[in-house]
Amino acid sequence: MIKVSVIGAKGRMGGNVVNAVTQADDTELALALDAGDDLTQVNPDNTDVAVEFTVPSVSLDNVLALIGQGVDVVVGTTGWTDEKLDQVRAALAAAPRKDQAVFIAPNFAISAVLADYFAGLAARYFESAEVVELHHPNKVDAPSGTAIHTAHTIADARRAAGLGPMPDATETDGGSRGQVIDGVHVHAVRLRGLNAHEEVLLGNAGEQLTIRADSFDRGSFMPGVLLAVRNVSAHPGLTIGLDKFLDL
């Protein structure tokens with residue numbers, strides 16, 4: 001039985017994680033903590049894995065604290081930069097347990113993970129590629145961590161294939177061409193009625209491929225969260241992306 005503590009338990013995602021952990025046959029809820037609660041309560045005596053679903057402004061400090069307490073961590077909060085990831089790696093290198101593990105997921109939806117994977121397979125065969133992500137207006141970061149990860153996936157595939165910059169004759173756009181991430185244009189939509197959606201557009205002369213993933217309910221993320229909880233401890237160090245735990 002895997003003992004799980006949830007950080008951010010009163011949030012919408014955190015609440016879903018609490019329910020999923022409680023209902024699964026191989027996990028049990030150790031602690032359910034929220035903003036302002038004392039994280040030193042979480043320790044290896046009562047917790048095998050801590051699941052962190054808070055906000056970008058506090059997530060790094062939470063993860064560093066949990067590493068210092070010797071607990072493996074699964075992180076669903078977005079907003080991770082290279083600088084923040086380097087701080088996590090440094091903390092793991094100095095951690096009390098040398099086999100300690102942290103897992104960070106740009107997205108826990110299996111559909112989104114597969115869309116990212118398929119985009120990487122396809123990108124080497126297309127001259128152009130852009131990413132559009134669509135979320136509810138309460139999301140605090142834009143573009144989403146998933147879209148950023150997909151942009152890097154596309155860029156890595158293009159570099160491996162020896163492709164150059166994508167064609168774009170735009171001279172002035174006023175920001176309408178989106179944010180450029182690793183050479184890939186990424187567009188963010190915030191609209192009431194949406195949950196979490198991503199569309200990857202790939203084009204050649206005379207043809208287009210569209211890869212789209214839609215998560216209509218936060219419950220769609222829970223199988224991925226439980227997959228990460230079950231696998232994180234077998235992967236010491238920092239792991240990014242649920243695809244590392246899938247047979248792809």
Side-chain angles (χ1 to χ4, degrees), residues 1-37 39 41-42 46-60 62-63 66 71-80 101-116 133-149 190-198 212-233 239-246:
M1 191 68 71
I2 305 170
K3 296 177 291 185
V4 181
S5 288
V6 180
I7 317 302
K10 292 183 180 179
R12 291 183 179 180
M13 280 298 296
N16 284 334
V17 174
V18 169
N19 291 335
V21 167
T22 302
Q23 295 170 13
D25 294 334
D26 57 347
T27 58
E28 66 177 50
L29 183 65
L31 297 168
L33 304 179
D34 205 60
D37 290 341
L39 289 188
Q41 299 175 70
V42 183
N46 58 35
T47 301
D48 297 312
V49 178
V51 178
E52 206 273 356
F53 266 105
T54 59
V55 294
S57 60
V58 301
S59 184
L60 174 61
N62 288 344
V63 173
L66 292 165
V71 176
D72 292 340
V73 190
V74 168
V75 185
T77 309
T78 57
W80 290 89
V102 172
F103 171 78
I104 297 176
N107 199 308
F108 281 105
I110 302 299
S111 61
V113 175
L114 290 174
D116 182 277
E133 58 95 341
L134 309 93
H135 284 81
H136 56 85
N138 297 326
K139 185 171 177 58
V140 297
D141 59 328
S144 67
T146 301
I148 292 171
H149 191 272
R190 295 293 174 266
L191 192 68
R192 185 66 68 196
L194 296 174
N195 184 41
H197 317 264
E198 182 182 71
R212 180 166 175 128
D214 295 287
S215 293
F216 300 108
D217 184 87
R218 290 178 175 84
S220 65
F221 304 129
M222 293 308 105
V225 172
L226 292 175
L227 178 65
V229 166
R230 292 168 180 139
N231 285 273
V232 61
S233 297
T239 302
I240 301 172
L242 198 62
D243 57 297
K244 308 301 191 302
F245 298 158
L246 296 174

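Residue numbers run from 1 in the order of the sequence given. No hydrogens, no waters, no symmetry mates; every other heavy atom, side chains included, goes into these values.
- D116 meets the side-chain hydrogen bond (donor to acceptor under 3.5 Å, both in side chains) test with H149, T150, T153; sequence neighbours excluded.
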Quick one: side chains of residues 8-26, donor-acceptor pairs under 3.5 Å with protein atoms, not counting sequence neighbours, listed by atom name and distance.
{"unit_1": "N16", "atom_1": "ND2", "unit_2": "R12", "atom_2": "O", "d": "3.4"}
{"unit_1": "N19", "atom_1": "ND2", "unit_2": "G15", "atom_2": "O", "d": "3.4"}
{"unit_1": "T22", "atom_1": "OG1", "unit_2": "V18", "atom_2": "O", "d": "2.7"}
{"unit_1": "D26", "atom_1": "OD1", "unit_2": "R230", "atom_2": "NE", "d": "3.3"}
{"unit_1": "D26", "atom_1": "OD1", "unit_2": "R230", "atom_2": "NH2", "d": "3.1"}
{"unit_1": "D26", "atom_1": "OD2", "unit_2": "R230", "atom_2": "NE", "d": "2.7"}

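- Judged as a salt bridge (Lys or Arg N to Asp or Glu O under 4.0 Å), and not counting sequence neighbours, the contacts of D214 are R212.
- Atom OG1 in T27 sits 7.0 Å away from atom CD1 in I2 (nearest 0.5 Å).
- Taking each heavy atom of E198 and A147 in turn, the nearest pair found is OE2-CA, 3.2 Å.
- V232 and A101 get closest at one heavy-atom pair: O-CB, 3.2 Å.
- S59 is linked by a side-chain contact (heavy atoms from CB on, under 4.5 Å) to E52, T54, V63, V75, T77, W80, counting only residues two or more places apart in sequence or in another chain.
- D141 pairs by the salt bridge (Lys or Arg N to Asp or Glu O under 4.0 Å) definition with K139, not counting sequence neighbours.
- Residues meeting the side-chain hydrogen bond (donor to acceptor under 3.5 Å, both in side chains) test with T239, sequence neighbours left out: none.
- Looking only at distances, no side-chain donor or acceptor of N107 sits under 3.5 Å from a matching main-chain atom of V113.
- Residues satisfying the side-chain contact (heavy atoms from CB on, under 4.5 Å) criterion with L114, sequence neighbours excluded, are I110, F118, L248.
- Using a 4.5 Å cut-off on side-chain heavy atoms (C-beta onward), H135 and L194 make no contact.
- Contact detail for T78 and P106: the closest heavy-atom pair is CG2-O, 4.2 Å.
- Scored by the side-chain hydrogen bond (donor to acceptor under 3.5 Å, both in side chains) test, S144 finds no partners at all (sequence neighbours excluded).
- In this view, N46 satisfies the side-chain hydrogen bond (donor to acceptor under 3.5 Å, both in side chains) rule with no residue, not counting sequence neighbours.
- Shown here for A50 and V71, the closest heavy-atom pair between the two residues is N-CG1, 3.8 Å.
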Exercise. Would V42 and I7 satisfy side chain to side chain contact (heavy atoms under 4.5 Å, CB included), going step by step from the backbone distance to the final call?
Worked result: CA-CA 10 Å; V42 183; I7 317 302; 4.2 Å; yes
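- Heavy atoms only, all atoms of each residue included: T47 and S5 are closest at OG1-OG, 2.7 Å.
- By the salt bridge (Lys or Arg N to Asp or Glu O under 4.0 Å) test, E133 pairs with R190, sequence neighbours left out.
- Residue pairs meeting the ring pair (Phe, Tyr, Trp, His ring centres under 6.0 Å) criterion with at least one partner in residues 212-231, sequence neighbours excluded, are H197-F216.
- Qualifying side-chain contact (heavy atoms from CB on, under 4.5 Å) partners for I148, counting only residues two or more places apart in sequence or in other chains: P143, H152, I181.
- Remark: F108 CZ to L226 CG distance equals 10.0 Å, nearest 0.5 Å.
- Contact of the V49 side chain with the F103 side chain is not registered, since no non-hydrogen atoms from C-beta on lie closer than 4.5 Å.
- In terms of heavy atoms, L227 sits closest to N231 at O-ND2, 2.7 Å.
- Counting only heavy atoms from C-beta outward, the side chains of P56 and V140 approach each other to under 4.5 Å.
- The closest side-chain heavy-atom distance from L191 to L134 is not below 4.5 Å.
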